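Note sheet for the following structure.
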There are 2 protein chains.
Amino acid sequence: MSIITLSHGSGGNATHQLIEDIFYKYFYNDILLQKNDSSVIPHVKGKIAVTTNSFVVDPIFFNGGDIGKLSVCRTVNDLAMSGAKPLYITAGFIIEEGFKINDLEIVVESMAVTAKMAKVKIVAGDIKVVEKGSADQIYINTTGIGVIKKDIYLSGKNAKPGDKVIISGTLGDHGVSILSKRENIEFHESIKSDCALLNDFIERILDASRQIRLLRSPTRGGLAATLNQIAKHSQNSIVLQQEAIPVKDDVRRMCEVLDLDSLYINNEGKVVIIVPDKEAQKVLKAMEKHPLGKDAKIIGEIIKDDKNDVILKTKTGEKRILNMNKSGLLLRI
Amino acid sequence: MSIITLSHGSGGNATHQLIEDIFYKYFYNDILLQKNDSSVIPHVKGKIAVTTNSFVVDPIFFNGGDIGKLSVCRTVNDLAMSGAKPLYITAGFIIEEGFKINDLEIVVESMAVTAKMAKVKIVAGDIKVVEKGSADQIYINTTGIGVIKKDIYLSGKNAKPGDKVIISGTLGDHGVSILSKRENIEFHESIKSDCALLNDFIERILDASRQIRLLRSPTRGGLAATLNQIAKHSQNSIVLQQEAIPVKDDVRRMCEVLDLDSLYINNEGKVVIIVPDKEAQKVLKAMEKHPLGKDAKIIGEIIKDDKNDVILKTKTGEKRILNMNKSGLLLRI
């Protein structure tokens with residue numbers, strides 16, 4: 001059978017065959033194969049980080065990745081942002097009747113390969129099938145568990161006036177890649193999603209300085225939404241230097257075509273770092289040595305200000321408030 | 001605004017307002033309110049149980065519960081089935097554009113109330129909005145984390161010939177309640193889902209005997225699918241006495257109307273227990289003392305047999321093999 005049918009969601013033979021043929025085949029590990037109502041994992045020595053994300057990206061295959069790779073990268077990255085070493089992931093699938101089993105296999109293999117690269121085990125899973133028209137191909141939830149070994153607590157609350165804001169690389173690549181493919185814009189193949197595992201890179205960053213205030217992944221809502229959250233959380237404002245913010249030329253052009261602002265577009269392989277001024281250069285140098293940080297830039301700083309705004313300073317000295325709302329209808333990215 | 005719009009999924013102000021007004025309001029706890037990419041939970045002393053479930057039940061409101069209550073009960077119960085004390089839950093929402101915010105609030109409050117009863121904290125969440133027609137109202141993923149304090153390992157592999165099979169109560173209540181409401185069958189109000197938290201009840205059962213082989217929740221595919229999995233896992237067969245299996249009269253009648261078999265219908269407040277013969281009466285007595293176990297019955301036993309079948313013996317002595325397949329099209333229960 002080459003497509004998902006309602007019988008794959010029934011809990012009967014078809015469900016179990018699908019689990020054996022696709023999910024166990026790629027996700028195979030001793031914990032998953034306990035086959036009980038819960039999976040038992042060993043004792044975790046340290047505080048635990050937990051995060052959950054649902055993925056509804058459209059299209060599910062894009063330049064630089066697919067929904068499977070994305071679903072593992074994001075959750076691994078969110079764990080890493082807390083200073084955690086990612087250990088385990090769960091995977092919940094909602095699949096539309098009629099979805100190609102070949103496509104499912106590509107997605108599942110992609111998750112397995114990415115999980116292996118991140119050194120995380122997929123320890124529990126669930127599959128639901130809904131009728132044609134009750135979902136769009138496939139939705140995935142991943143929930144991640146990691147261990148915080150170092151004695152650190154990274155949080156927006158830590159950010160202080162004078163701290164520098166560093167971004168690890170160019171903005172907008174993922175969202176623009178998805179949108180230009182979805183809209184079938186000419187030359188959309190030239191733009192590649194930045195979807196990547198950041199856990200090793202984050203470890204290097206945390207090794208470079210013990211004074212990192214916080215790490216955040218500028219995903220939904222892009223840099224603008226992420227920094228607005230940090231500003232509110234820290235009860236300060238943030239000033240950005242527009243000319244310092246790295247954006248690829250192709251992405252900039254595509255943003256013009258699609259009438260988008262790269263500051264509001266989500267990224268899947270970038271990290272925003274808040275660090276004390278005196279540590280900023282050291283951290284930047286460490287980042288530049290890593291392939292994922294070669295375009296890293298100091299782009300702004302925290303300032304004392306009750307408004308908790310994010311302010312963009314242009315080359316000509318103009319100031320623009322970046323509120324959270326511009327992202328309007330960037331859905332299913 | 002009284003319905004979910006695409007802007008609630010954008011990551012901008014509408015998203016954050018919705019999170020504040022609905023999710024933080026009901027799920028409020030110190031861990032969730034860390035507001036970072038991951039939530040940090042304290043060190044867990046012991047082995048950890050993990051489980052994940054996605055919920056696509058249709059209709060979302062039914063006699064005896066709703067998708068919110070169900071999403072917490074099932075995940076708490078799956079943790080309890082491993083002998084774990086449930087501690088933390090994550091919640092991922094996929095919401096269809098146009099869904100009523102009032103309904104969302106009812107669902108979220110129901111999750112919060114159920115989580116409080118189960119003494120679990122909802123520590124991380126995620127919301128995605130998809131266009132009208134790309135989901136059916138609301139889908140929820142819950143992933144649970146629990147701690148296994150006792151030195152037990154419950155598994156289908158433990159089941160041995162001679163062991164007894166106990167069911168904690170009547171079969172089919174949940175699935176028949178959902179299906180009869182979905183089909184708008186007359187008198188569907190007479191049948192109530194058994195959706196319930198089993199964690200306290202399971203604790204009593206595990207206190208009653210230290211020799212419990214395994215606990216399983218007969219959800220999707222019902223008792224028949226669950227016992228087939230146990231038979232395969234333990235490499236034995238299981239014989240059931242049909243007249244011992246408890247089914248409510250109303251459920252039995254509705255099964256006739258809907259052409260269903262109560263053995264294949266999922267339950268959301270029941271547990272199947274495999275226990276050595278000599279412990280069975282003691283465990284049964286302990287169960288009967290609890291409101292959730294008042295209809296508990298010994299319904300069969302494990303027999304040595306290479307076929308790994310589940311065999312139903314009727315009153316007249318006939319034998320019928322219960323394979324996994326009959327559940328065919330019982331979807332979104």
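Worth saying up front: this structure is predicted, and the values here are computed from it rather than measured.
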#### Entry: Separation between CD of B:Q34 and CG of A:L154, rounded to the nearest 0.5 Å
11.0 Å

#### Entry: A:K232 side, atom NZ; B:K35 side, atom NZ - distance, nearest 0.5 Å
9.0 Å

### Task
May I ask you to decide if A:K128's main-chain N or O and B:R332's side chain share a donor-acceptor pair within less than 3.5 Å?
no

### Task
Hey, could you give me the CD/OG distance between A:Q137 and B:S134, rounded to the nearest 0.5 Å?
10.0 Å

### Task
With rounding to the nearest 0.5 Å, note down the distance linking CD1 in A:I148 to OG in B:S38.
7.5 Å

### Message
Between B:L214, B:I127, B:N266, who has the most heavy-atom pairs with chain A when the cutoff is under 4.5 Å?
### Response
B:I127

### Message
Taking every non-hydrogen pair under 4.5 Å, which of A:G222, A:G156, A:G125 racks up the most with chain B?
### Response
A:G125

### Message
Counting only non-hydrogen atoms closer than 4.5 Å, does B:V44 touch chain A with its backbone (N, CA, C, O), its side chain (CB onward), both, or neither?
### Response
both

### Task
Examine whether an atom of A:V50 lies under 4.5 Å from a heavy atom of chain B, and if so say whether it belongs to the side chain, the backbone or both; otherwise answer neither.
both

### Message
Under a 4.5 Å cutoff for heavy-atom pairs, which residue among B:T219, B:L79, B:N228 has the most contacts with chain A?
### Response
B:L79

### Query
Can you name the closest pair of heavy atoms from A:I145 and B:I145 and give their distance?
CD1-CD1, 3.7 Å

### Query
Which heavy atom of B:A124 sits nearest a heavy atom of A:T51, and at what distance?
CB-CA, 4.3 Å

### Query
Is there a side-chain contact between B:T15 and A:M324 (heavy atoms, below 4.5 Å)?
no

#### Entry: Spacing of OG belonging to A:S217 relative to CG belonging to B:D37, to within rounding of 0.5 Å
5.5 Å

### Task
Please flag which part of B:E96 lies under 4.5 Å from any non-hydrogen atom of chain A: side chain, backbone, both or neither.
neither

### Query
Side chain, backbone, both or neither: which part of B:K157 has an atom under 4.5 Å from a heavy atom of chain A?
neither

### Query
Considering only heavy atoms, which portion of B:N53 lies under 4.5 Å from any heavy atom of chain A: side chain, backbone, both, or neither?
both

### Query
Quick one: which residues of residues 81-89 of chain B reach chain A at under 4.5 angstrom, heavy atoms only?
B:M81, B:S82

### Task
Would you mind reporting whether A:D126 and B:R74 have side-chain heavy atoms less than 4.5 Å apart?
no

### Message
Counting C-beta onward and ignoring hydrogens, is there a side-chain heavy-atom pair between B:T143 and A:N141 closer than 4.5 Å?
### Response
yes

### Query
Can you tell which of A:D136, A:I41, A:D58 has the highest number of heavy-atom pairs within less than 4.5 Å of chain B?
A:I41

### Query
With chain A, which of B:I230, B:I48, B:V40 has the greatest number of heavy-atom pairs at distances under 4.5 Å?
B:I48

### Message
If you compare all heavy atoms of B:K45 against all heavy atoms of A:H43, which two are closest, and at what distance to 0.1 Å?
### Response
CA-NE2, 4.2 Å

### Query
Among B:G92, B:S54, B:G46, B:A91, which has the most heavy-atom pairs under 4.5 Å with chain A?
B:S54

### Summary
For A:F201, the ring pair (Phe, Tyr, Trp, His ring centres under 6.0 Å) test, sequence neighbours excluded, returns A:H290

### Message
Rounded at 0.5 Å granularity, tell me how far OG in B:S39 sits from CG in A:D78.
### Response
10.0 Å

